[in-house]
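Here the structure is laid out as structure tokens; the discussion comes afterwards.
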Number of protein chains: 2
Amino acid sequence: MANLETDLYSVKDKMYAAADCIIFGFDSGKLKLLIFRRRVEPLKGEWSLIGSFVRLEEDVTEAAKRVLKEITGLENVFMEQLKTYGKADRDPGFRCLSIAQYALIRIDEYDEELVEKHGAHWYNIDAVPGLVLDHNKMVQDALERLRQKARYQPIGLNLLPEKFTIPQLQQLYEVIYQKELDSRNFRKKLLSLKVLIKLDEKDKTNSRRGAFLYKFDYKTYHELEKIGYNFEIS
Amino acid sequence: MANLETDLYSVKDKMYAAADCIIFGFDSGKLKLLIFRRRVEPLKGEWSLIGSFVRLEEDVTEAAKRVLKEITGLENVFMEQLKTYGKADRDPGFRCLSIAQYALIRIDEYDEELVEKHGAHWYNIDAVPGLVLDHNKMVQDALERLRQKARYQPIGLNLLPEKFTIPQLQQLYEVIYQKELDSRNFRKKLLSLKVLIKLDEKDKTNSRRGAFLYKFDYKTYHELEKIGYNFEIS
DNA sequence: TCAAAAGTGTTTGAGGTACACCCATGG
DNA sequence: CCATGGGTGTACCTCAAACACTTTTGA
């Protein structure tokens, strides 16, 4: 990127590719998005998704992982390609495709210091400010994908700690679907799937009585998946 | 593209983007794929998806439409971005992302002459030969997407003529899902959705008795869609 | 008249949805 | 002892799945 501003001819003459990350988190019953203020011109100081140019010798996936690690310190995070934004005029400076990817992170695990160092902030998903370029559209598309995908695959769990309670899980699905769920039916459905392992511990942060903690049984889940089982939470 | 081979330095130094199209058709009860033999080095003569570099001043979507029109003569075809293939080493010649898009076309409408002129061929989906680079993977991914998407949205209809019979439609779903369906249940389900318009004509190509032709009622469908109706065919 | 595809109803079981009360505990 | 969130059971109804025979008509 160093020569971007010095070598104008080559800049205008080239195709660039950016890996932009839509980073979701879940905290205090809210779905959150990690964004930051751009540090470079153009649009310096504006809110933006976190991204980077894809280097010539680098896989697109690697670029996204690099960005994510740089800003959160996390590796091995759930991340999936959303789609590529390829309008010729989407970036007024030069021709740049954006391969958008969304990530689901456990908000209790990220490196707070690193995040602050980069000028990043967590915003409630329903209060995201105006972002640079087509980034708001990307967030909307990512949300829709998350909603769609969470219905049939247990990806939502990537937003919770490894040990979680049923009420927590229900709350998560409620914010993803934007709809209240009946706790009796939710619990019944979840347990009938046979992929939750009940632990002996309780989480007492939300009530005197405490709620039992569970872990998701990925091993069983993957076996069931092979034989055409489908996880579905409406 | 003309200077690709003359200007080696710039070739190695640049990021390219290709729009590759996975073109599906449906004919004689089979799902088909349109591929062609590469006309240029490298890999000249090998089977390949149809694609083109995305021009600097062109939207990615436009590039795909351009390719599709060039080879089939068709415009206004159902086409959707599949995903971007971005491994650094996916193309041994130079750095090239591929933004893959899949298209569903009515096989009775394409321009046969044009297709032949380009050395293209329709292959049964279960007999596709080895393709160049990662193109076989793209086809697999597109198929999976088609299967997934057809379940909840009436996109399959883009593979049939405007007027179609229920048995034809059933056959289509059978090849997409790779599974036999019960004709009584299928018909019942379809008609209960209230989005098929029965015509007075019959198609007698498949039986003496003839089967009634139907049209899909997109107008009603889109209205129902707004109020949270969901089309679903298992 | 017969072969071959089109078209039609009913029964059953699984699972989604609606709904209200008791339990456990710390302050 | 009580306020607060955690946890449980039942009745109903919808819909998917299984299943077999009649109709039409051109050759």
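These numbers were taken from a predicted model, which means no experiment stands behind them. Labels below follow one simple rule: chain letters A, B, ... track the order of the sequence lines, proteins then strands, and each chain is numbered from 1.
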Rounded to the nearest angstrom, tell me the gap between atom [atom1] in [X] and atom [atom2] in [N].
| X | N | atom1 | atom2 | value |
| --- | --- | --- | --- | --- |
| B/Asp203 | D/dG26 | CG | P | 14 Å |
| A/Lys189 | D/dG9 | NZ | C1' | 18 Å |
| A/Leu181 | C/dT17 | CG | P | 10 Å |
| A/Phe186 | C/dG15 | CZ | C1' | 17 Å |
| B/Lys179 | D/dA16 | NZ | C1' | 11 Å |
| A/Leu190 | C/dG16 | CG | P | 12 Å |
| B/Glu201 | C/dA6 | CD | P | 17 Å |
| B/Gln171 | C/dG7 | CD | P | 14 Å |

(message) Side-chain N or O of A/Ser234 versus OP1/OP2 of C/dT17: is the shortest distance under 4.0 Å?
(response) yes
(request) Report yes if a side-chain nitrogen or oxygen of B/Arg187 is closer than 4.0 Å to either non-bridging phosphate oxygen (OP1 or OP2) of C/dG7; otherwise report no. (result) yes
(request) Specify the residue among B/Phe212 and B/Arg208 whose closest nucleotide of DNA chain C lies further upstream toward the 5′ end. (result) B/Arg208
(message) What I'd like to find out is whether the side chain of A/Ile99 reaches to under 4.5 Å of the side chain of B/Leu97, using heavy atoms alone.
(response) yes
(request) For B/Arg209 and for B/Lys204, find the nucleotide of DNA chain D with the closest heavy atom, then tell me which residue's nucleotide is more 5'. (result) B/Arg209
(request) Give B/Asn185 one of three labels, base, sugar-phosphate or nothing, depending on what nucleic acid heavy atoms sit under 4.0 Å from its own. (result) base
(request) Quick one: label A/Lys188 by what it contacts on the DNA or RNA (base, sugar-phosphate, nothing), any heavy atom closer than 4.0 Å. (result) base
(message) Minimum heavy-atom separation for A/Ile50 and A/Leu34, please, with both atom names.
(response) CD1-O, 3.6 Å
(message) Treating B/Asp59 as the side-chain partner and B/Glu62 as the backbone partner, does any N or O pair qualify as donor plus acceptor under 3.5 Å?
(response) no
(request) Establish, yes or no, whether the cationic atom of B/Lys83 lies under 6.0 Å from the six-membered ring centre of B/Tyr85 and within 45° of the ring axis. (result) yes
(message) Closer than 4.0 angstrom, basic N to acidic O: yes or no for A/Lys179 and A/Glu174?
(response) no
